[in-house]
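Here's the structure, in structure tokens; my notes come after.
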Amino acid sequence: MKAQAFLRGVVFVCALIISIITIILEPMNTFEQRLQDFIKQNNMIASGSTVLVGFSGGADSTALILSLYELRKQLNIRLIAVHINHLIRKEAGEDAQFVKSFCKERNIECIVVEKDIPKLSQEWKMTEEEAGRRARYEAFEEILKEKKASYIAIAHHQNDVAETLLMNLFRGSGVHGAGAIRPVRGNIIRPLLCVARSEIEAYLHDKGQLFCHDATNDEDIHTRNIVRNRLLPLAEKEINSAAVSHLCRAALEFSKADAYISKASTLLYEKCAKESTDSILIDLTALRDEDEVLKDGVILKALEKLTPSRKDITAAHIDSIKALANGRNGTASVDLPYNLEAVRSYDELQIKKKNTKNSSLNENEFKIPSFLNVGDEMSFSVPNLGMAHIEILTYNGGKLFPSSAYTKWFDYDRIQGAVFRKRKTGDYILVEQNTALHKKTIAKLMTDEKVPKYERDEIYLLTDGNNVLWVPGIRMSGAFKINENTKKILAINIDNGGFSNG
């Protein structure tokens, strides 16, 4: 009996030891293991650090904070979740509540910040997407200092890299725009760049973890959504199932090439460029015989010095400046974004802020350049109207055109120089009557449309000289409509309707 009892005891202890060893040696979730390896390979996080995690409640950020939570002991880190409520969607309150509940269950410190993005986009004169990004990073930096944290973890993944690469290529960006979203940039880290969106969804499913869904991501209104919801799935299905990872690899190679070109361009820039407060003078004799890619780099570096963002600088702008620089006789100039102009005088090229005193435009007039190419985009805030989003499209011969009062298409090839401005003496619009065009003064149009007198001088018109293309919310000219000869479309969408919300 004693022997049997002893034997049973030995068996029990052995079973217990095996059970403990099994728990200890249980393989880590493959997804989490990949993240841990990726973090170590890129030296992302120092042991003992505090990490802020951008947590919207969507699938990507939920997978990010969940995986970092599971790895917190191995990485020896402390997590703080930061949720930014943009006050745009009615479901935003539910997202914030989800974030709070998730963090409470896991004892993760959670900070919720509210930012009125529609209001800020008007104040900052940028799109809501751009304003949201700026507001998020400003909030992150404030909390980073307050909490003495070391890193800001963002949930970008491989699909984001692929989407950004395609969007920038479609817009006409060069090697720099094709470069990868980097795993580490300063104190910003992106641990999910080693996985695709499909793997994120599979990870959450395996964990039985719910997440919030932003229905606006399903709407093919914005360019990114079209790339995300239509182009990439089609490429993976019809061309190559590994399209996303291949695009990511290409973006990384572009990034390496960009770093090399940037270094060489900087050396050339220092040799041939002279800077002053509002202008940069380039010696063309030192530039003309250089390789084309280095010329591009020097011009781009000059523009970066004078502009708040390179986002609206496309290959079309670089090409227009190079074409100007190739001339040798007399003086010539081209208009550029951000109220800049490039002026060549013999062997000198000057890129500078326009002299508004001698310009036909003033600070309350907003010009749409005449040299834009298909895929080019720009945005600016028009007083009393809202944020105007401009895009050049290819006309495919269709007959369906936007019917919204604040979304219009124009024949771009017939426009000499479109400007948003207030009305001036001599302004007229060509209206259709019985298949013919008839000239009507803007004063008469506003009277016929019963526009209150106190509003008339504050309404912004889209004009080409005195020829008015569009009185937003009231009337579009019949002279610039799309027809069978149209090749390029000037597409304009205004976020809200200002005075005449039609």
Side-chain angles (χ1 to χ4, degrees), residues 34-47 49-56 60-61 63-65 67-68 71 75 77 79-82 84 126 129-145 147-169 171 173-197 200 224 244-245 247-263 265-266 297 300-301 303-305 307-313:
R34 287 176 62 189
L35 256 64
Q36 183 177 11
D37 292 343
F38 189 67
I39 289 169
K40 289 181 177 179
Q41 288 166 9
N42 290 278
N43 298 313
M44 280 190 186
I45 306 174
S47 178
S49 301
T50 296
V51 180
L52 302 187
V53 183
F55 188 17
S56 68
D60 305 337
S61 63
L64 174 62
I65 195 167
S67 56
L68 289 177
L71 293 169
L75 298 173
I77 57 174
L79 301 176
I80 298 177
V82 179
I84 312 295
M126 57 180 62
E129 182 181 4
E130 292 169 326
R133 183 180 184 279
R134 173 176 164 180
R136 285 195 300 276
Y137 282 101
E138 285 184 355
F140 289 148
E141 290 296 339
E142 289 174 8
I143 297 169
L144 192 81
K145 293 177 182 177
K147 296 294 182 178
K148 295 181 173 56
S150 301
Y151 308 99
I152 302 167
I154 306 298
H156 288 131
H157 49 77
Q158 289 184 350
N159 289 63
D160 290 317
V161 176
E163 291 164 15
T164 301
L165 169 60
L166 291 177
M167 288 172 62
N168 287 342
L169 290 176
R171 287 190 181 119
S173 296
V175 175
H176 180 85
I181 299 174
R182 290 148 178 86
V184 179
R185 182 172 61 83
N187 57 13
I188 297 172
I189 61 174
R190 298 179 173 91
L192 294 184
L193 285 185
C194 60
V195 295
R197 174 62 190 244
I200 288 171
R224 182 173 290 276
V244 168
S245 62
L247 286 169
C248 287
R249 190 178 301 115
L252 181 60
E253 294 303 315
F254 283 129
S255 179
K256 294 176 183 177
D258 177 54
Y260 178 82
I261 293 169
S262 178
K263 184 177 179 180
S265 298
T266 298
L300 187 57
K301 191 165 291 292
L303 291 171
E304 286 177 337
K305 297 278 186 179
T307 59
S309 168
R310 68 186 292 167
K311 175 180 175 292
D312 292 321
I313 303 298

Mind checking the [atom1]-[atom2] spacing from [X] to [Y]? Nearest 0.5 Å is all I need.
{"X": "Arg133", "Y": "Glu138", "atom1": "CZ", "atom2": "CD", "answer": "11.0 Å"}
{"X": "Arg190", "Y": "Asn42", "atom1": "CZ", "atom2": "CG", "answer": "12.0 Å"}
{"X": "Leu252", "Y": "Arg182", "atom1": "CG", "atom2": "CZ", "answer": "9.0 Å"}
{"X": "Leu71", "Y": "Leu79", "atom1": "CG", "atom2": "CG", "answer": "9.5 Å"}
{"X": "Leu52", "Y": "Asn187", "atom1": "CG", "atom2": "CG", "answer": "9.0 Å"}
{"X": "Tyr137", "Y": "Leu144", "atom1": "OH", "atom2": "CG", "answer": "12.5 Å"}

Handout entry: Verdict with reasoning, Thr50 to Lys148, per side chain to side chain donor-acceptor pair (under 3.5 Å)
Key = CA-CA 8 Å; Thr50 296; Lys148 295 181 173 56; over 6 Å; no
Where [X] and [Y] come nearest, the two heavy atoms and their spacing:
{"X": "His157", "Y": "Val195", "result": "CB-O, 3.4 Å"}
{"X": "Ile189", "Y": "Met44", "result": "CG2-O, 3.9 Å"}
{"X": "Leu192", "Y": "Ala155", "result": "CD1-O, 3.9 Å"}
{"X": "Ile65", "Y": "Val53", "result": "CB-CG1, 3.9 Å"}
{"X": "Gly54", "Y": "Phe140", "result": "CA-CZ, 3.8 Å"}
{"X": "Arg136", "Y": "Ile84", "result": "CG-CG1, 4.0 Å"}

Practice task
Determine, step by step, whether Leu247 and Val161 satisfy the side chain to side chain contact (heavy atoms under 4.5 Å, CB included) criterion, reporting the C-alpha distance in whole Å, the side-chain angles of both residues, the deciding distance to 0.1 Å, and the verdict.
Solution key: CA-CA 8 Å; Leu247 286 169; Val161 176; over 6 Å; no
Completion exercise
Which of Ile39, Asp37, Leu35 passes side chain to side chain contact (heavy atoms under 4.5 Å, CB included) with Cys194? Answer is Leu35
Practice task
Answer yes or no: is there a donor N or O on one side and an acceptor on the other, between the side chain of Ser255 and the main chain of Ala251, under 3.5 Å?
Solution key: no
[X] side chain near [Y] side chain, heavy-atom distance below 4.5 Å:
{"X": "Lys301", "Y": "Ser262", "answer": "yes"}
{"X": "Asn43", "Y": "Val184", "answer": "no"}
{"X": "Phe254", "Y": "Leu165", "answer": "yes"}

Exercise for the section: Before giving the answer on side chain to side chain contact (heavy atoms under 4.5 Å, CB included), spell out for Asp60 and Arg197 the whole-Å C-alpha distance, their side-chain angles and the decisive distance to 0.1 Å. Expected result: CA-CA 8 Å; Asp60 305 337; Arg197 174 62 190 244; 3.3 Å; yes
